[in-house]
Amino acid sequence: MLDTPFTFELRGPGFVPSRHDNHIQRTLASMRGQYCDPAAYEALLAKGDALLYEVYELNRPHKAGEVLHGISIVHPGRVGEEYFMTKGHFHTVLETAEIYYCLSGQGAMVMETPDGEWAVEALSPGRVLYVPPRWAHRSVNTGAEDLITFFAYPGHAGHDYGTIEQQGFRKLIVERDGRPEIVDNPRWKKITN
Ligand SMILES: [Fe+2]
């Protein structure tokens with residue numbers, strides 16, 4: 001790992017960083033239980049384990065003072081009426097924020113806090129999204145092309161995927177009449193710690 005200043009290129013159309021240390025690929029099989037329509041999920045999985053999203057990370061120490069950063073690419077598609085999306089997470093250190101910069105595609109960030117607030121912000125090229133501390137976040141691709149974002153967050157934030165795996169997000173983004181729509185998640189259930 002470099003401990004002197006470094007640069008890398010981030011250019012379209014693909015926006016794969018010219019330098020990266022990790023390439024994470026999440027497929028449909030890793031999202032079992034996360035989509036609201038289990039029958040549609042099983043039917044799609046029977047056709048093959050589709051690649052839903054990819055993350056390219058630059059490796060930095062996971063400690064305060066560092067800024068972890070990389071690129072997220074959510075591919076287009078749907079499970080039933082629900083768009084392809086990331087797992088979504090809270091940060092383990094809840095009081096840590098994140099910045100996203102949309103490079104390509106059309107989509108939305110679905111967010112919520114443990115206190116019952118929720119928000120959905122549209123993502124399109126050139127738009128910056130600030131996710132404040134305490135807000136869980138999930139990228140959703142509502143378009144026909146890859147949704148590509150650059151992200152950066154504090155090195156000590158950590159990822160809590162388990163809470164979202166168990167309770168989901170309060171809101172889903174589904175396609176209705178050919179357009180994205182925000183709806184209540186009928187399966188949302190607050191877990192008790
Ligand atoms: Fe995050």
Side-chain angles (χ1 to χ4, degrees), residues 24-55 72-91 94 97-100 102 104-125 127-149 151 153 159-193:
I24 299 154
Q25 295 177 290
R26 296 261 192 241
T27 64
L28 194 57
S30 72
M31 295 286 279
R32 183 174 292 281
Q34 299 304 296
Y35 284 95
C36 67
D37 184 342
Y41 174 88
E42 295 301 339
L44 189 59
L45 190 58
K47 292 186 203 165
D49 190 13
L51 181 61
L52 301 190
Y53 66 99
E54 305 177 63
V55 178
S72 160
I73 303 173
V74 185
H75 296 298
R78 276 182 289 130
V79 177
E81 59 180 9
E82 198 174 4
Y83 295 101
F84 282 4
M85 61 192 186
T86 62
K87 276 178 183 263
H89 57 266
F90 285 96
H91 289 163
L94 205 52
E98 184 154 354
I99 284 179
Y100 284 83
C102 184
S104 188
Q106 301 291 328
M109 193 72 77
V110 177
M111 295 165 281
E112 67 182 51
T113 68
D115 315 309
E117 299 162 282
W118 66 271
V120 174
E121 291 291 341
L123 296 171
S124 57
R127 182 165 285 198
V128 176
L129 168 66
Y130 186 78
V131 182
R134 303 181 64 78
W135 287 80
H137 39 285
R138 158 181 285 167
S139 309
V140 180
N141 186 344
T142 60
E145 313 290 334
D146 285 346
L147 173 66
I148 308 177
T149 51
F151 59 81
Y153 60 96
H159 289 110
D160 165 18
Y161 292 105
T163 302
I164 294 299
E165 279 174 4
Q166 290 178 66
Q167 71 184 33
F169 278 82
R170 288 175 170 82
K171 300 291 176 180
L172 308 176
I173 304 190
V174 298
E175 184 173 282
R176 298 265 168 89
D177 300 324
R179 298 180 54 192
E181 196 169 299
I182 302 167
V183 298
D184 288 334
N185 179 359
R187 300 167 67 228
W188 187 86
K189 185 161 59 80
K190 177 84 173 165
I191 59 168
T192 50
N193 295 312

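The heavy-atom pair separating Gly48 from Leu28 by the smallest distance is O-CD2, 4.3 Å. Phe151 and Glu98 make their closest contact through CB-OE2, 3.5 Å (heavy atoms, listed as atom of the first residue, atom of the second, distance). Residues Phe90 and Ile164 share a closest heavy-atom pair of CE1-CD1, 3.9 Å. Scanning both residues, Ile173 and Ala108, for their nearest heavy atoms gives CD1-CB, 3.5 Å. Smallest separation of non-hydrogen atoms from Pro133 and Tyr130: CD-OH, 4.5 Å. Listed here is the closest heavy atom pair of Gly107 and Thr142: CA-OG1, 3.4 Å.
Using a 4.5 Å heavy-atom threshold, the side chains of Trp188 and Gln167 count as touching. Contact check for Ser104 versus Ile73: no side-chain heavy atoms found under the 4.5 Å cut-off. Using a 4.5 Å cut-off on side-chain heavy atoms (C-beta onward), Lys190 and Pro114 make contact. Counting heavy atoms from C-beta outward, Met111 and Leu129 have side chains that approach closer than 4.5 Å. You'll find the side chain of Lys171 stays beyond 4.5 Å of the side chain of Arg138, heavy atoms only. Residues Tyr53 and Ser139 have side chains not in contact (no heavy-atom distance under 4.5 Å, counting atoms from C-beta outward).
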Practice prompt. Kindly determine whether Phe169 and Val140 satisfy side-chain contact (heavy atoms from CB on, under 4.5 Å), including the steps that lead there.
Written response: CA-CA 12 Å; Phe169 278 82; Val140 180; over 6 Å; no

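Checked by atom type and distance alone, the side chain of Glu82 never pairs as donor or acceptor with a backbone atom of Leu172 at under 3.5 Å. No donor-acceptor pair closer than 3.5 Å links the side chain of Tyr83 to the backbone N or O of Gly143. With His137 contributing its side chain and Trp135 its backbone, the two residues share a donor-acceptor pair below 3.5 Å. One N or O on the side chain of Lys87 and one on the backbone of Ser30 form a donor-acceptor pair closer than 3.5 Å.
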Side chains of residues 74-81: which donor-acceptor pairs under 3.5 Å do they make with residues two or more places apart or in other chains?
{"unit_1": "His75", "atom_1": "ND1", "unit_2": "Asp146", "atom_2": "OD1", "d": "2.8"}
{"unit_1": "His75", "atom_1": "NE2", "unit_2": "Glu54", "atom_2": "OE2", "d": "2.7"}
{"unit_1": "Arg78", "atom_1": "NH1", "unit_2": "Gly80", "atom_2": "O", "d": "3.3"}
{"unit_1": "Arg78", "atom_1": "NH2", "unit_2": "Glu175", "atom_2": "OE2", "d": "3.3"}
{"unit_1": "Glu81", "atom_1": "OE1", "unit_2": "Arg176", "atom_2": "NE", "d": "3.0"}
{"unit_1": "Glu81", "atom_1": "OE2", "unit_2": "Arg176", "atom_2": "NH2", "d": "2.8"}

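Atoms CD and CG, from Glu165 and Asp160 in turn, are 9.0 Å apart once rounded to the nearest 0.5 Å. Rounded to the nearest 0.5 angstrom, Glu145 CD and Gln106 CD are separated by 9.5 Å. Distance check: Tyr35 OH to Leu52 CG gives 4.5 Å after rounding to the nearest 0.5 Å. Rounded to the nearest 0.5 Å, atoms SG (Cys102) and CD (Glu121) are 12.5 Å apart. To the nearest 0.5 Å, atoms CD1 (Ile148) and CG (Asn141) are separated by 9.5 Å.
Partners of Arg127 by side-chain contact (heavy atoms from CB on, under 4.5 Å), not counting sequence neighbours, listed by chain and number: Ala122, Ser124. Residues that satisfy the side-chain hydrogen bond (donor to acceptor under 3.5 Å, both in side chains) test with Asn185, not counting sequence neighbours, are absent from this structure. For the salt bridge (Lys or Arg N to Asp or Glu O under 4.0 Å) test, residues two or more places apart in sequence or in another chain that qualify with Arg32 are Glu42. Considering only residues two or more places apart in sequence or on other chains, Thr27 meets the side-chain hydrogen bond (donor to acceptor under 3.5 Å, both in side chains) condition with Asp49.
The aromatic rings of Tyr153 and His159 sit perpendicular, their planes meeting at an angle over 60°, well past the 30° parallel limit.
Pairs passing the salt bridge (Lys or Arg N to Asp or Glu O under 4.0 Å) check and including a residue from residues 108-120, sequence neighbours excluded, read Glu112-Arg170, Asp115-Arg134.
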